[in-house]
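Quick caveat, the model's predicted, so the values are computed rather than measured. When reading the values below, keep in mind they use all heavy atoms of this one structure, side chains included, and skip hydrogens, waters and symmetry mates. Convention: sequence-line order gives letters A, B, ...; per-chain numbering from 1.
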Protein chains: 2
Amino acid sequence: MAGTTLRDVAKRAGVSIRTVSNVVNGSVPVSDELRTRVEAALEELDYRPNLVARNLRRGRTGMIALVVPELDVPYFAELAREVITAARAHGYVVMLDQTDGDGERERELLGRESRATMFDGLLLSPLTISAEELRSRTNKVPVVLLGEHIFNGDFHHVAIDNIAAAREATEHLLGQGRRRIAAVGDQPYSTGETAQLRTIGYGQALERAGVAVDEDLVVPTPRFHRRFGAEAVERLLALPHPPDAVFCYNDLLAIGAMHALTRAGVRIPDDIAVIGVDGIQEGRYSSPALTTIAPDKARIAHTAVSTLIAVIEGTAPPPAESKAPYRLVVRESTAGRAATT
Amino acid sequence: MAGTTLRDVAKRAGVSIRTVSNVVNGSVPVSDELRTRVEAALEELDYRPNLVARNLRRGRTGMIALVVPELDVPYFAELAREVITAARAHGYVVMLDQTDGDGERERELLGRESRATMFDGLLLSPLTISAEELRSRTNKVPVVLLGEHIFNGDFHHVAIDNIAAAREATEHLLGQGRRRIAAVGDQPYSTGETAQLRTIGYGQALERAGVAVDEDLVVPTPRFHRRFGAEAVERLLALPHPPDAVFCYNDLLAIGAMHALTRAGVRIPDDIAVIGVDGIQEGRYSSPALTTIAPDKARIAHTAVSTLIAVIEGTAPPPAESKAPYRLVVRESTAGRAATT
DNA sequence: GCGCCGGTTTGCAACGATGCAGAGATGATG
DNA sequence: CATCATCTCTGCATCGTTGCAAACCGGCGC
């Protein structure tokens, strides 16, 4: 059952192990005669290098780990796709794990029993773990963070400018003449930093437009899932003065929100406009199609992977946050039937 | 940069390497005195076992690979989630890769340069690779197939009964009084086996109901993506006698179809009912919510992982196909506003 | 003919861990 | 008191590969 080893091939070809290795790796010149013999033997025995042994010797595995909260959340699935693609372009493969938003699981990653020694580096999209914990527990494994959760200068990290993105989203709604704009997805507690940034951006836009923030219109949600978007909308519709637009902090919330609005007989965007963040594919084909702030996931993945590999190779500049580009994609949910894309 | 090794700890604690190993693994009894000393040293030096070395020695990596066509397709993302969870329960981690439906990529997996030696086993959701290719190239890596693509007896494989599932979907529509039922997603060429099975089930249901198959209503699509569902519907609506229901071979097609129908002003389900397959979360919050045949992904993942591990450990029965359960989830797209879940 | 050179080929050690068998120490047994 | 069993603890070999440096070889210049 065990595979063919260099030794087997060497014996068969009548050369030293080292020569076979040289042929396989092509790094050192080998005479035509031996090369031919060795190649024949490789073929006959169907040799496959044992990568575990090679990795041990080389001190590199060619694997990075990507850890996201939930893979069935489209944003993370789409991001994972890009990360895998980017990693492949650099000759790396990706081990994928999910934390289910469980802090324990995130901590495990860095603990004694973690598999961290199997990876050259770690891409982490943290949900609940704090900066200090991360700093103290990082076992010298190169880490690049995805998303905004931790923003002190200790880690490389790649994210969009959440404040600006939220501001733009809100301004887009204001530009449509909306004035009672709800914000769905706030998380006013320690691990909700991304959400809090978006609330700040939302507030900035309102302020600049001279619109007062109505606290009733800022609805927190425990997670960024469809059902919480729906629940939030139900609460908003029950207000004495319901909103005329809803800025959801991600597309899933927005889709849940639209679902609830549609059920309630509210017309989108005529009565209430909806905008999300994430640019997931689902939003293109929802009814109505969802306007969204779409981060450039390919760029995020590419930057994150490149940075991580630079850290691995020791050629990285000091930790810094890298702002990823995003764009406003206007579709039916805010623009009426004249929409695009 | 390199981590602390057993040797370092041994030196520090004044014991042999082997003893440290014994403490770490806990397999062999160690006296309290030494244990204490060793544990202190482990702590002080922050020792982490080098898993690459351990794997080399043990001949196991504790990793399995999951290869799907596209991770940004919700079905695969949701399945991947379950696979990762199931694998974790068995102490395995998952390397994830995607083939983009590219046969070359699938073949690479099994080629000389593949990383297969890094995994104990492979879960493959094949899209284009043929049974023969797979058989001839499999390098003794334990493999379990997901989905219906290959169904001869050479491989373990886990899937729903596609014929029966398609029949039930169609029967559900028939049961609603629909008679002109379109089928969207046929793939009448060599690598479209799953689709072909669904077409068979569709035909069976019609036949049993005494409804003739109208070839105009069977629309092939190159892939199972939203846009092809939309395109198919556009073609169907252009027919002299449009359908009164659409059975889409997966949920993404169905969502694309509903999008196109809604845009065309067609009422769902009043004018045309829509049903999909896959039971993705997206369908719960689409407008209208999508009726679907939902395979039990957790079961599929669990069965696949268990089987794979059995193969790895040499305790597996001979290759067989395992039929996974599924259920019909009725929502608004076929049932009107009285829907559930 | 000798020494040196460049290009090949090789053996040995090492990556860091575990399997195995044996060495010590301890206590029980006759 | 000698013998033996038991329990710890240790050293060595090994997993399959690659880095290193030395050995080898034919040919060339002097």
Categorize [X] for me: base, sugar-phosphate, or nothing, with a 4.0 angstrom heavy-atom threshold over every strand shown.
X: B/Thr5; value: sugar-phosphate
X: B/Val30; value: sugar-phosphate
X: A/Leu34; value: sugar-phosphate
X: B/Val15; value: sugar-phosphate

Between atom [atom1] in [X] and atom [atom2] in [N], what is the gap in whole Å?
X: B/Arg48; N: C/dC15; atom1: CZ; atom2: P; result: 21 Å
X: B/Leu51; N: C/dG16; atom1: CG; atom2: P; result: 13 Å
X: A/Tyr47; N: D/dT18; atom1: OH; atom2: C1'; result: 10 Å
X: B/Arg35; N: D/dT8; atom1: CZ; atom2: C1'; result: 12 Å
X: A/Asn55; N: D/dC15; atom1: CG; atom2: P; result: 18 Å
X: A/Asp120; N: C/dC15; atom1: CG; atom2: C1'; result: 15 Å
X: A/Asn50; N: C/dG16; atom1: CG; atom2: P; result: 17 Å
X: B/Leu56; N: C/dG16; atom1: CG; atom2: P; result: 12 Å

Which value, rounded to the nearest 0.5 Å, describes the distance between A/Leu124 atom CG and A/Leu66 atom CG?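 Between A/Leu124 CG and A/Leu66 CG, I get 9.0 Å after rounding to 0.5 Å.
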Is [X] close enough to [N] that one of its side-chain N or O atoms is under 4.0 Å from OP1 or OP2 there?
X: A/Arg7; N: D/dC15; result: yes
X: A/Ser31; N: C/dT9; result: yes
X: B/Asn25; N: C/dT18; result: yes
X: A/Ser16; N: C/dT9; result: no
X: A/Arg54; N: D/dT18; result: yes
X: A/Arg18; N: C/dG11; result: no
X: B/Ser21; N: C/dT18; result: yes

What's the closest nucleotide to the [X] side chain, out of [options]?
X: A/Arg57; options: C/dT18, C/dA14, C/dG16; result: C/dA14
X: A/Asn22; options: C/dT18, C/dT10, C/dG16; result: C/dT10
X: B/Thr19; options: C/dT9, D/dG16, D/dC9; result: D/dC9
X: B/Pro29; options: D/dC9, D/dT8, C/dG16; result: D/dT8

Does a side chain donor of either [X] or [Y] reach within less than 3.5 Å of an acceptor in the other side chain?
X: A/Asp120; Y: A/Thr61; answer: yes
X: A/Ser16; Y: A/Thr19; answer: yes
X: A/Asn50; Y: A/Arg54; answer: no

Atom CZ of A/Arg299: over 12 foreign heavy atoms under 6.0 Å: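 Count not over threshold, so no.
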Looking at B/Gln98, is its backbone amide N or carbonyl O close enough to the side chain of A/Arg88 to form a donor-acceptor pair, meaning the two atoms are under 3.5 Å apart?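 Indeed, once roles are kept as given, a pair shorter than 3.5 Å links the two residues.
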So does B/Arg58 reach the base of C/dA17 with its side chain, donor to acceptor, closer than 3.5 Å?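 Answer is no: no donor-acceptor pair is held.
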